[in-house]
Amino acid sequence: MKVNLLYFGRPREYLKLAGETAELSANAATVADLLASLRTRGGDWAHELEETRVRCSVNQELCPLTAPLHDGDEVAIFSPISGG
Amino acid sequence: MKVNLLYFGRPREYLKLAGETAELSANAATVADLLASLRTRGGDWAHELEETRVRCSVNQELCPLTAPLHDGDEVAIFSPISGG
Amino acid sequence: MSISIQTGDFDLAAEMQALRTASVNAGALVSFVGLVRDMSNAGKVENILLEHYPGMSEKALQNILVEANSRWQLLGVRVIHRVGELRPNDQIVMVATASAHRADAFAACEFIMDYLKTSAPFWKREQTAGGTTWLDTKASDVARAERWIQQGDME
Amino acid sequence: MSISIQTGDFDLAAEMQALRTASVNAGALVSFVGLVRDMSNAGKVENILLEHYPGMSEKALQNILVEANSRWQLLGVRVIHRVGELRPNDQIVMVATASAHRADAFAACEFIMDYLKTSAPFWKREQTAGGTTWLDTKASDVARAERWIQQGDME
């Protein structure tokens, strides 16, 4: 399945990427699985996408890393929010 | 003893008086005693200065009607406060 | 800390700008403005008359601000209370607080309003078609002020 | 209810005037303005960069305002959040509420700020002489937001 990935905050700066379309294996059932898969790219990816460093939303709703993924989801990966 | 009496709010309007110097008998030991003495003037005085209708301050501090009086005190009698 | 009791209107914008300028390294500004409502329990309000106790009103507000400063970290406080005849939608009162953090600015602003309502000597006389009424202290204001009571302070 | 996310500054005076005009029979106006502080844990702040998630940020603020309206009697709400590069003492965010009574106006304004801090997708990157840092969510903000949690709402 495919998801539309967006990056914000620290990962967006350090990975030098605002977004991408990710093709996931059927095993990547949750955001945590997606992160694990992205970390295999190594280097900054392994470091910046550690579970304790990131938060996520699926289809523009904040959710835990255990949130399930479905084909076509808009998934955003970001550092802890700090607005206001 | 003498006290400087001020009226504010409803009693000031209905008694048509902003203030006066009151000569009190030694029996008028508290604000409540002072009010009782003023009510003997009758008419609007008896009505407007009923204990449930008024609040008071002595020397510009809010206080209960049981507050003691001393010679030269500035005593204000007023309706419940309602600013802001 | 600055207090004004005045018949004239006030300019919230100018007051907030002055507070912001005077409050170095403030991170949070909170303001409250109270307006004359055009409907009351007695019907359509034509005007209100605001009376105060000169001398005591300034002192009472000053005491409230001293207490607020002792409870919260404030960088600035401004209070303006109007007196005299006011009409519906007119501004009556303004309380503005500046602090490094919003928790302090919010709490102090609410505290000042709650105590002002119940312990500062101001009186409102409301005029409707049915005549004039001196308003009573609201029970809800008393209850709000009592939330702030701590052992040993402001009896 | 009106929300803006913008790079430009805002005029608190004009916003409050507009809110007051639009909020018929309001008795209470409360505003909060958040400013860039010039000192942080990392030292003297040179600037901050505010990033957001276009689409989600508006939606998140809208959800917070809907929830505030369901909890309190509000006559008007205005939220402005700036994005882009800001300097010390610049305005970052404004929340203004109008209500018949101040309890509702105060509570809603604080609630909106507490939820905005913890659930709206904005990020701050602070620049000091030591470099840049993406700020973390403050534990105190999380604690403040949790005060509002009621059974059955906003999980």
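- Expressed to the nearest 0.5 Å, how far CE of C:Met56 lies from CZ of B:Phe8 amounts to 9.0 Å.
- Scored by the side-chain contact (heavy atoms from CB on, under 4.5 Å) test, C:Ala68 finds C:Trp72, C:Leu74, C:Phe111, C:Ile112 as partners (sequence neighbours excluded).
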Please tabulate, one pair per line, the N or O donor-acceptor pairs under 3.5 Å between chain C and chain B.
from, atom 1, to, atom 2, distance (Å)
C:Glu51, OE2, B:Gly9, N, 2.6
C:Tyr53, OH, B:Glu74, OE2, 2.4
C:Met56, N, B:Gln60, OE1, 3.4
C:Lys59, NZ, B:Gln60, OE1, 3.1
C:His81, NE2, B:Gly84, N, 2.9
C:Phe122, O, B:Ser82, N, 2.8
C:Phe122, O, B:Gly83, N, 3.3
C:Trp123, NE1, B:Ser79, O, 2.7
C:Lys124, N, B:Ser82, OG, 2.9
C:Lys124, NZ, B:Ser82, O, 3.1
C:Lys124, NZ, B:Gly83, O, 3.4
C:Lys124, NZ, B:Gly84, O, 2.8
C:Arg125, NH1, B:Glu13, OE2, 3.0
C:Trp134, NE1, B:Glu13, OE1, 2.6
C:Leu135, O, B:Ser82, OG, 3.4
C:Thr137, OG1, B:Ile81, N, 3.4
C:Thr137, OG1, B:Ile81, O, 2.8

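- Both the backbone and the side chain of C:Leu135 have a heavy atom closer than 4.5 Å to some heavy atom of chain B.
- Chain C forms the most heavy-atom pairs under 4.5 Å with one residue out of B:Gly9, B:Ala76, B:Pro80, and that residue is B:Gly9.
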